Number of protein chains: 2
Amino acid sequence: MDKRDKYGVLIDIGRRRGLFWPSYEIYGGVAGLYDYGHVGVAIKRSLMENWVKYFVDRRDGVIVELESPIITPRIVLQASGHEENFTDPITECTKCGRVFRADHLVEEQTGIHAEGMSMDQLWEVMKKHGVKCPVCGGELTKPKPALLLFKTEIGPYKGSPGYLRPETAQGMFVSFKQVLNTARNKLPLGIAQIGKVGRNEISPRQGLMRLREFTIMEIEFFFDPDKADEEVRKYLTKEILEYKVNVLTGVDKKKGVEEAKPYTIKELIDKRIVTSPWMAYWMAIGNKYLESLGIPSQKIRFDEKLPEEKAHYSLQTFDQEVHTEKYGWVEVAGYSYRTTYDLGRHMKYSGADLTVFRRYSEPRIVEKIKVYPNPSRIREIAGKDLSIVMKNLSKIPSEELVEKLEMQGYVEVEGYKLGKDAFYIKKVREKIHGEKFIPHVVEPSFGLERIFYVVLENSLVFEEDRTYLRLDKKLAPYHVAVYPLVTGSTGKPSMIAEKARLLARALRIAGLRVFYDEEGSIGRRYMRGDEIGIPYAVTVDYQTLEDSTVTIRDRDTRKQERVKIIELYGRLLELLGLAHDWKDIIQRYSLI
Amino acid sequence: MDKRDKYGVLIDIGRRRGLFWPSYEIYGGVAGLYDYGHVGVAIKRSLMENWVKYFVDRRDGVIVELESPIITPRIVLQASGHEENFTDPITECTKCGRVFRADHLVEEQTGIHAEGMSMDQLWEVMKKHGVKCPVCGGELTKPKPALLLFKTEIGPYKGSPGYLRPETAQGMFVSFKQVLNTARNKLPLGIAQIGKVGRNEISPRQGLMRLREFTIMEIEFFFDPDKADEEVRKYLTKEILEYKVNVLTGVDKKKGVEEAKPYTIKELIDKRIVTSPWMAYWMAIGNKYLESLGIPSQKIRFDEKLPEEKAHYSLQTFDQEVHTEKYGWVEVAGYSYRTTYDLGRHMKYSGADLTVFRRYSEPRIVEKIKVYPNPSRIREIAGKDLSIVMKNLSKIPSEELVEKLEMQGYVEVEGYKLGKDAFYIKKVREKIHGEKFIPHVVEPSFGLERIFYVVLENSLVFEEDRTYLRLDKKLAPYHVAVYPLVTGSTGKPSMIAEKARLLARALRIAGLRVFYDEEGSIGRRYMRGDEIGIPYAVTVDYQTLEDSTVTIRDRDTRKQERVKIIELYGRLLELLGLAHDWKDIIQRYSLI
């Protein structure tokens, strides 16, 4: 097996072939910010398109998309708890002034697991083990929490603070009712969003793994907790129930177990390893998704977060991790059971009603106290103001009248105090058709750039004479490369190059993403195409001039086949998996 | 003609059907920020995909994409001149404290065109005409410039200020050499980017027309100014040269002309109305692009900006405007000739070499002065330090030695002053193969959300019994709607609904975006589909159960045709223009 460092090779290909490189390099760079070149943009776009197909288009209308702003007024992230909780502990060197993540320093210098420790706990460990500045050896200050939100001001006034969103989720919570009303009008409802977020990391040093600006692809899945078991059943097909995922449970972690174990989705639900069956469902879908990108199942696991590792909004969280050569297990997605936390907080902070009405299967009879004004007694009190008092009373809901009479013994209207004797008080039995409740939320959330990286690492293949990306065809930056065998300015070489250029253009017109290259030997061009994962290469050669045929070369097997130009497009669609066999599809769905 | 207010109808459809609505409404909203619902996201995505197809994929590899960060270190926007120039004049009410754009207030209250006026000029007019606070009538302060950049801090240190980018362009300039090296390695080269930007507008009140966060789709097109006339010729086909666009020239504007006049691209170049032929080329491509979205040519014009209306970086700018009912002429794109401004400034601020090498067609002979150290004279001066002095001298480029000898009469090395006599000075003739130069840049830049709005307005059709969006098929949020004629829980209605659901799923599997709806009468469902611009509706009815046929209804004509399910997919691809006729394409390109 080739022992080359895959990370190093990818960094090199990334820069040399236009996948990714650190931003603002002419100014010395800014940690945690990356550029993506034309190949990187194409692969990232393929990943996003594929995510939408997988998580939105194929979900029969249950998931709908939303785009909400990156710029977020402060109140939203106060309500969400981020302003209070979205912090990391930092410590500053008293000698050189550098700032570090205190928990990372502790782990590096003492080996003690420090995630989730309080400032005091960290300080204790730092003092006990003599943790020092890793750069100059200076003394460090007591850790304090640093807010990871990028702060700004909205508008020209001072005093309208805002933040860049650290997750797209709050957009879905804040606009939940608007989306519910326009999109599906019933639960369950998933709201999906792909968008940029900002996290002002302390000192990101892990390339694409820890970015200050990145893309989240996430779903807030709203459901009725009382109906979860019943509603999820339709989604839990036999195939899903028997599907296996690797899980490192919190219980096992506490016992010191470090290896994940395989569980079927059915086991996760029946053994109550997951606190909502919808979590188990989305974990299955998310696992199948990563497998569909070419990540082998044994390299994927779910790591249940312990109470001190979890975000403040979550009842239960599983990180979905992929094993990488450079960083070991890397989180590429998180599955959190956010319950009613976010909607509840936004109701409190905004005063808006974000509840949903749950209709009972049968109406229920409840006993209520109702009060009605007694006009003759009120006339005694209010005299000629009777009619205005009656009119104002009619505007006050019966519940409020009951409450006031109970709490303070009277209701005041137009300056008149109306005691209990001014009302008829009756117990009534009412038919109730349903009730309001705050939906629960399960959130599967994916980090695009991390998935981008793990897909690249998993695609990278070293062979004796070449290094190439065995990218899944649907993720490739280009569908096909077109190469003239030879190029020149006169004679047959020039005719071959011209034909190749026209063929590239024709394939583009027909909707394919085409890479065209005429520089260097054909062997080197094949290698260059392989290196960025183009699955097929079409070569125009001398024979093309005679019989209008070209060759198609397969990136993985390097085998070639010769086809007529007129059949080329159909054959490419077939090879690329873009030719949908409608007859086959409708047979599967018994539509014929 | 229907006199309903299209803007009002679109706002209503936007909110009701999930296209767009103001963000953060439960918190009272934030001016200039909008949400896009599932239909809006789908249309915006279609617009972006289409833009990439049009401006990138179809340009034979000359245009490549880049994704660079939104978060930008301060130095970049100092170099670009934005920190100094990207401001609007604001004035504050001394009574109520509200802040306004001074130029807008002047225009509203005096009718005087105030764009580009200095703070002093605005203040003069305000005093002379008694401009007051439009809300409370209070006195206003002297205008001062307000920076339109969203400011933030990068990282936990104070003193690392950053901004949200106000344009994607700076990412292309800063990474120009990196992209050039990885992508095309020659000029002309266009770098395209679609991405979010932030502009901290003073008090945006124009809905989707003036946003604080929006999406830019722009190209920085780098070229060699000496070869522009020659290189552009390949792109200026007869069809392009004869193509007409409406232009309101700066010369005409100064004369008081308000109507644009039609010019062919050839005229724009020959009459030197545009300062670079590449500008004219991109204006043609951009005009064809808007036409391809369904905007009629007579509703599009180019408005040449006068010196006081232009951005600081531009030698010449044309706004591309579309006429709207609500706002009149609205800028949807800008075409600026940025020359060497940005690259030159970044060279100065970063010290990086952003030049490109221009190879001469034939080598040129130039005369140069060269100096060589005279060791025997230097030994007299430096004694035993001769070898270290000689070694250090060898590190100094000949040009620098010449310059120092000419300017100060000596060169100082290791403390020894070496005069002219310590060197042999010779005139030599050198063969030069080329020279370095800073590429020029033309920038076509499109505002996605404004195009989104003008496309919607232009698609909105009022008919007696319905209001619908005659969206171009390639921009529609869904390819097709599927409706069961009737629904029910038993018998044939239930069979019909089940078949319709399966058909919707089958079409999704085959790659189409499908809208499924079974609520309400079939007539109302047709109307609902029409209202969001779905071009075709497939209806499953009683006859489907008998002979496996369905109807396809055309949104615009409302005509229906009946097809067999097995032929449905092919027929839809054909109707949607998604079935590429490969034979026809290769015949056009003489590949057969």
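Bear in mind that the values here come from a model prediction, so they are computed numbers and not experimental data. Residue numbering restarts at 1 for every chain, and letters A, B, ... go by the order of the sequence lines.
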**Student:** Could you pull out all donor-acceptor pairs under 3.5 Å where a side-chain atom in residues 506-516 of chain B meets a protein atom, sequence neighbours excluded?
**Tutor:**
unit_1    : atom_1 : unit_2    : atom_2 : d
Arg508(B) : NH1    : Asp60(A)  : OD1    : 3.2
Arg508(B) : NH2    : Val514(B) : O      : 3.2
Arg513(B) : NE     : Pro477(B) : O      : 3.0
Arg513(B) : NH2    : Ala476(B) : O      : 2.7
Tyr516(B) : OH     : Glu518(B) : OE1    : 2.6

**Student:** Would you mind checking which part of Ser23(A) comes under 4.5 Å of any heavy atom in chain B, side chain (CB onward), backbone (N, CA, C, O), both or neither?
**Tutor:** side chain
**Student:** Using non-hydrogen atoms and a 4.5 Å limit, figure out which bit of Arg45(A) sits close to chain B: side chain, backbone, both or neither.
**Tutor:** side chain
**Student:** Quick check on Leu66(A) against chain B: is it the side chain, the backbone, both or neither that has a heavy atom closer than 4.5 Å?
**Tutor:** both
**Student:** Could you tell me which portion of Val56(A) (side chain, backbone, both or neither) has an atom closer than 4.5 angstrom to a non-hydrogen atom of chain B?
**Tutor:** neither
**Student:** Where on Ala504(B) is there a heavy atom nearer than 4.5 Å to chain A: the side chain, the backbone, both, or neither?
**Tutor:** neither
**Student:** Relative to chain B, which segment of Val30(A) carries a heavy atom at a distance below 4.5 Å: side chain, backbone, both, or neither?
**Tutor:** side chain
**Student:** Parallel, tilted or perpendicular, judged at 30° and 60°: which one describes the rings of Tyr27(B) and His346(A)?
**Tutor:** perpendicular
**Student:** At a 4.5 Å cut-off on heavy atoms, which part of Leu354(A) comes close to chain B: side chain, backbone, both, or neither?
**Tutor:** side chain
**Student:** Counting only heavy atoms closer than 4.5 Å, note whether Ser548(A) contacts chain B via side chain, backbone, both or neither.
**Tutor:** side chain
**Student:** Is it the side chain or the backbone of Ser203(A) that comes within 4.5 Å of chain B heavy atoms, both, or neither?
**Tutor:** neither
**Student:** Going by side-chain hydrogen bond (donor to acceptor under 3.5 Å, both in side chains), name the residues that satisfy it together with Asp353(B), two or more places apart in sequence or in a different chain.
**Tutor:** Thr355(B), Lys436(B)
**Student:** Less than 4.0 angstrom from a charged side-chain N to a carboxylate O is my criterion; do Lys44(A) and Glu65(B) meet it?
**Tutor:** no
**Student:** Ring-plane angle category for Phe452(A) and Tyr36(A), please: parallel below 30°, perpendicular beyond 60°, tilted otherwise.
**Tutor:** perpendicular
**Student:** Non-hydrogen atoms of chain B under 4.5 Å away: do they reach the side chain of Gln193(A), the backbone, both or neither?
**Tutor:** neither
**Student:** Taking NZ, NE, NH1 and NH2 as the nitrogens, is one of them in Lys196(A) or Glu213(A) under 4.0 Å from a carboxylate oxygen of the other?
**Tutor:** yes
**Student:** Taking side chain as everything from C-beta outward and backbone as N, CA, C, O, which of these in Arg17(B) sits under 4.5 Å from a heavy atom of chain A? Side chain, backbone, both or neither.
**Tutor:** backbone
**Student:** Does any backbone or side-chain atom of Val41(A) lie under 4.5 Å from a heavy atom of chain B? Answer side chain, backbone, both or neither.
**Tutor:** side chain
